[in-house]
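Below: the structure, in structure tokens.
FYI, side chains are in, hydrogens and waters are out, and symmetry mates aren't considered; it's all heavy atoms of this structure. Whatever order the structure lists them in is the order used to number ligands and atoms, beginning at 1. Numbers here simply count residues along the sequence, with the first being 1.
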Amino acid sequence: MNIKHDSRPIGIFDSGVGGLTVLKELIRTFPNEHFIYLGDTARVPYGAKSARTVERYTIQVADFLIRHNVKGLIAACNTASALGLGALRAHCDTPVLGVIQPGCQQAMNRIRSHNDQVGVIGTTSTIASGAYPQTLATFEPRLKVRSLACPLFVPLVDEGWIDHPATRLIVEENLAPFIENPVDVLILGCTHYPVLKPVIAKIIGSKTKLIDSAEAVADSLAVLLSQVILPAPSDTRQKVDFYVTDVADRFKHLAGRFLDGYRVDNVEMVDL
Ligand code: DGL
């Protein structure tokens with residue numbers, strides 16, 4: 001093996017299609033890397049499950065990717081990052097990135113002072129875990145963080161109801177606390193939510209900055225590739241392999257929408 005390069009793939013996983021919002025940014029940023037995406041579509045959603053179950057699922061999906069000889073792992077799911085990352089890091093030697101630390105870093109970059117109001121929205125389990133306020137407190141303990149679970153946003157995105165009157169109504173109803181009492185920065189703490197960004201932005205108003213962690217994850221991967229794992233040779237062509245645990249056709253259909261037209265030719269169904 002060339003000591004400056006490592007052609008092995010990078011594994012990226014989510015409970016389903018949400019992680020594709022992160023993959024989209026990685027495809028844009030890393031033209032030479034080989035990515036393997038696994039969506040656990042048989043067991044989605046993770047967002048209302050217990051820590052014990054999410055830990056078990058996270059380790060199973062990661063083990064599938066590790067068997068594919070990945071050089072690094074990205075948990076492109078907030079729920080898995082909030083509830084399963086500790087167990088995963090204890091389970092394997094492969095370097096692991098989650099989405100919460102990069103998302104909080106991105107939020108901190110947009111905050112003017114500790115007096116700024118920060119909001120976090122996510123799945124029921126992510127919000128209940130307290131992972132966001134805890135991580136933000138490691139940057140600035142004086143920050144006031146208001147968290148809100150928005151579990152209905154995930155099925156709306158899965159159904160492709162992006163610019164639909166019902167979606168606008170549900171978003172408005174759910175985000176009422178942040179409309180009545182606005183925050184300066186709102187973290188989209190679920191990988192499905194960036195798909196609803198235009199609707200959320202319109203309803204929440206232009207004074208609130210929306211934080212989508214996908215870009216920040218790409219920055220963290222760049223750091224990982226320069227400090228911990230080696231990048232693929234610069235003459236390698238990018239490649240993405242897609243795997244799901246159920247209904248591959250539906251995933252393929254949604255993936256086109258999430259990846260803004262990126263061609264998803266082959267989606268293989270696997271048992272974990
Ligand atoms: N992708 C998941 C997340 O970011 C949301 C979907 C689910 O509940 O599994 O939390």
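With hydrogens and angles left out, the side-chain atoms of T123 and T79 include a donor and acceptor closer than 3.5 Å. S50 and T53 share a donor-acceptor pair across their side chains, judged by distance under 3.5 Å alone. For the residue pair D212 and Y193, no side-chain donor N or O sits within less than 3.5 Å of a side-chain acceptor on the partner.
Listed by chain and number, D14, S15, V44, P45, Y46, G47, C77, N78, T79, T123, V154, C190, T191, H192 each place a non-hydrogen atom less than 4.0 angstrom from ligand 1.
For P155, there are no side chain to side chain contact (heavy atoms under 4.5 Å, CB included) partners two or more places apart in sequence or in a different chain. Every residue two or more places apart in sequence or in another chain that forms a side chain to side chain contact (heavy atoms under 4.5 Å, CB included) with E268 is listed here: Y243, V270. Annotation: side chain to side chain contact (heavy atoms under 4.5 Å, CB included) contacts of E159 (sequence neighbours excluded): W161, R250.
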